[in-house]
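Comments concern the structure below.
It should be emphasised that the depicted structure is a prediction, and the values quoted were computed from it without experimental measurement. Side-chain atoms are counted along with the backbone in the values below, which use heavy atoms only and exclude waters and symmetry mates.
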Amino acid sequence: MRGHQPGDPGANGNLPLELDGFVGRHAELRGLARALGSSRLVTVTGPGGIGKSRLAARVTGGGCAPPDGTWRVELAAVRDPQFVDHAVVEALGLRDHTTRPPRETLLAHLTGRRLLLVLDGFEHLVDACADLVVELLERVPGVSVLAVGRRPLAVSGEQLLALGPLAEDEAVELFRERAGHRGVPVADDPHVRELCRRLDGIPLAVELAAGRLGALSPEQLLERLDDRFRLLAGGGRDALPRHRTLRTAIGWSHELCTPEERLLWSRLSVFAGRFDLEAAEYVCSGGGLHSEDVLDVLSALLAQSVVAREETATGVRYRMLDTVRAYGAEWLEATGDAVRLRRRHRDWYVGLATWCELDWFSPRQNEVAARIEAELPNLRCALEHCLTEPDGMELARHLAGSLWFCWVGCGRLSEGRHWLERSLEPEPHGEPEGHGEPGAHGEPGTHQEPGPHGEPGAHGEPEARREPGAHGEPGTHHEPGRHGLPEPEAHRAPEPRGLPEPGSGSEHARLKALWVLGYVAILQGDTVPALAALQRCREEAERAADPTAVAYAEHRTGCLALVSDDMPRAETLLRSALARYEEIGELNSNVLMGQVELAMARAFLGDLPDAVRLCEEVRRVCEDHGERWARSYALYVLAYAAWSEGDTARARVLLTDCLSCAHAFHDLLGAVLSIELLALVTATQGDPAEAAVLQGAAAALWPSVGLPLFGSAYYNGPHELCEATARQRLGDGRYEECVRQGRALGREAAVARALGRARPRAGLPAPRGPVRPTHEALTTAHEALGTHEPAASPTRKGGETAG
């Protein structure tokens, strides 16, 4: 899913479909442009492979985009209709950590904007997309929609544009161009024209034919094509002729493949979106195709345009056109091997998530974040498969819990909560007694297939893990693989190992899903469900004698007390959890975050030296292990302390580092907290106008995070002091004007503006000595402006909550 704005030089060139060498379609381009000028809803229809997506991308990349841009949403890899709204929100680059539905987030963002939304590949999600489009058109007058699919949306006011085959000259031009890309010069001779006519000018069929030119001449293609058309008549009599023709073209290309190529084609259909070589080697091997042969067979499919190769930020990846993948899926079902392949796909991505969780606490944290982002379509597919498989709930909990760093550290709280809550739903017939595939329970004479990353299947525990969800023992390291992650162990043929003791693996996964759910809900500001999940986790962990789960439940309950302004309770719980972690030997990003949270509690209780000591220790451990995410929060506390001690220059340097890191991870909470504190530093350095702009920028971001500053008087103290200072210097009118200016900034612009002001300013004197946003300072500022004292103060010791 991808969007682009006007002026983005890479907007068109980075679209998933190649636009270079776009052939013909001049009349269709003009017709689509006219339709978009006269209607707010235009749907381009036609069979798969006819060129709908490429036409839409071409016309929307023509430089006449609406003021707020053209945003493209790829829906082919979205399986669940519930995720249509999530997909659109993601394509628009929105990050919303709150409990509100993504539809509300979308409508709030689009209000007052003028843009074109392109919904591509919606045909399997017609009802959900139609519902969304109707509401968008009714409630957001500035939005237009271009839908691209194999069938209409059937919505009132929809203008249809049915895309037909290429004209003969255009088909010949396309054939010759694609042949030239493969280094095979082709003349405009009768054989080529006859071939394009027989393929009905369908772009996909023409490109598939051109892909065979390495082995066959156009004349030989014609000879074989004649036989294959009769053999693969395709479809029923009620099917559209174009559908039968396309099926014939794909089927013919399929028949020209070797048995190994056909086998791999069908097996690759289990991937959702893009995949890499290692995944293909593990998932698709076995049963007549050795893993060492997958690369050669994949190369043959690349040469025939069945699979496309792409350079991405995470390395070389591959994809299949949706129509080609659907054809392969039908063959996979026909072979009777679909269930095994889907389980291997599930096992690979469960293993990948497990290793990525381990590697999150390492110098490869950035690469892990990028890898997980790239693999989200396949991870979602694996989660969905776990949730629909009879005995898959344990795996769903393990996978959803293992991805805590994605939900929390990479700004996907809403999606994470969706999967966690689904995985914790009661099973129809109670908890299953067994797990996984037949033969996995230790029956005589059976063995469990080793999993893709060294674990048995996907249910067992990797060598370096004490339980699903731990991040590795202190001092445990893993050698990087070719993409910076641990090298998959599928080719080492590890000895099969049994499951954990009956019930223990299921209990570990369940407890972990509960505390991760509690953590996510805390950050969303949804305290009641958070407390319920954590209390449940604590009670069940104590019954199960699971010290790790007890420690995590206690830790997150302390975090809840922290944002609820109960500082004494927060300190007690966090110290107890950290002691438990030390006793069991747990060291990872979560443990370090617990120490940062304790430091914040100590700072709010007035002991800045202890807060600094705790965060400097976290900083040292993070730098020793290459950890950046937890380190950024430690920097936030150190910046708070530096400002309180009057060292605003150091505070700005620390906050700039903190904000850069949070933004890189898409951690919206870390980013908005940094901007809030940067506003206070800016006001202290003598630029109240810029401070007000930054406060406005933060105010615009908070609705996508949750309750502003958690509704906490302690966290709100610096904000109140900054506002009071800026209002006093600027006056109410000028202050509000600057805040409005900040609110109008988008997230990227807000972060860029905050990061661009790295130089200290002369002006207001910095605080000297142990100065904090104290009760007295706030009271003085509010009295000067004729306003009331805040409901609570950061220096109060009683743990009152905000009124």
Side-chain angles (χ1 to χ4, degrees), residues 254 257-304 306-310 312 314-320 324-325 328-329 331-332 335-356 359 371 374-375 378-379 381-382 385 436-437 439-440 446-460 462-463 478-497:
H254 187 267
C257 291
T258 66
E260 291 79 10
E261 292 164 5
R262 291 197 293 268
L263 187 63
L264 183 58
W265 182 344
S266 69
R267 292 178 177 181
L268 290 174
S269 68
V270 300
F271 290 101
R274 294 162 178 82
F275 56 92
D276 60 22
L277 176 61
E278 289 84 358
E281 287 175 330
Y282 174 78
V283 174
C284 300
S285 62
L289 184 62
H290 196 278
S291 61
E292 294 178 356
D293 297 327
V294 168
L295 176 57
D296 291 337
V297 181
L298 180 62
S299 299
L301 293 177
L302 284 165
Q304 299 172 59
V306 173
V307 177
R309 178 185 184 276
E310 296 180 350
T312 72
T314 57
V316 175
R317 298 178 69 78
Y318 306 94
R319 64 176 175 88
M320 298 175 73
V324 175
R325 181 169 53 248
W331 276 84
L332 183 62
T335 65
D337 203 23
V339 172
R340 185 183 73 88
L341 263 294
R342 291 191 188 106
R343 287 184 175 181
R344 288 180 70 84
H345 176 276
R346 172 207 67 192
D347 288 353
W348 174 265
Y349 287 101
V350 169
L352 176 69
T354 300
W355 277 116
C356 283
D359 247 21
R371 179 71 178 273
E375 299 290 8
N378 283 301
L379 288 165
C381 184
H385 181 72
E437 302 181 13
T446 62
H447 295 283
Q448 187 177 6
E449 182 179 9
H453 302 269
E455 68 277 11
H459 308 278
E463 297 277 358
H478 307 278
E479 289 303 316
R482 68 193 74 184
H483 297 305
L485 298 175
E487 190 69 32
E489 300 185 29
H491 308 306
R492 303 183 199 172
E495 290 297 322
R497 288 177 286 144

Please give me the minimum heavy-atom distance between [X] and [Y], naming the atom from each residue.
| X | Y | result |
| --- | --- | --- |
| Val316 | Asp276 | O-CB, 4.1 Å |
| Trp265 | Leu301 | N-CD1, 4.0 Å |
| Leu352 | Glu375 | CD2-CG, 3.7 Å |
| Glu260 | Val297 | O-CG1, 3.5 Å |
| Ser269 | Leu332 | OG-CD2, 3.8 Å |

Residues forming a side chain to side chain contact (heavy atoms under 4.5 Å, CB included) with [X], sequence neighbours excluded:
| X | value |
| --- | --- |
| Ala280 | Leu268, Phe275, Val294 |
| Ala382 | Tyr349, Leu399 |
| Asp293 | Leu289, His290 |

From [X] atom [atom1] to [Y] atom [atom2], the distance as rounded to the nearest 0.5 Å:
| X | Y | atom1 | atom2 | value |
| --- | --- | --- | --- | --- |
| Arg267 | Leu264 | CZ | CG | 8.0 Å |
| Arg325 | Arg319 | CZ | CZ | 9.5 Å |
| Ser291 | Glu278 | OG | CD | 12.0 Å |
| Arg344 | Tyr282 | CZ | OH | 4.5 Å |
| Asp337 | Arg342 | CG | CZ | 10.0 Å |
| Gln304 | Cys257 | CD | SG | 4.0 Å |

(message) With heavy-atom distances below 4.5 Å as the criterion, would you say the side chains of Met320 and Phe271 are in contact?
(response)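 No. Closest side-chain heavy atoms not under 4.5 Å.
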
(request) Sequence neighbours left out, what passes side-chain hydrogen bond (donor to acceptor under 3.5 Å, both in side chains) with Arg262? Give chain and number order. (result)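 Once residues adjacent in sequence are excluded, Arg262 has no partner under the side-chain hydrogen bond (donor to acceptor under 3.5 Å, both in side chains) criterion.
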
(request) Would you please name every residue forming a side-chain hydrogen bond (donor to acceptor under 3.5 Å, both in side chains) with Thr312, sequence neighbours left out? (result)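 Thr314.
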
(request) Look only at the side chain of Asn378 and the backbone of Arg274, and say whether a donor-acceptor pair between them is shorter than 3.5 Å. (result)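 Between the backbone of Arg274 and the side chain of Asn378 there is a qualifying donor-acceptor contact (under 3.5 Å).
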
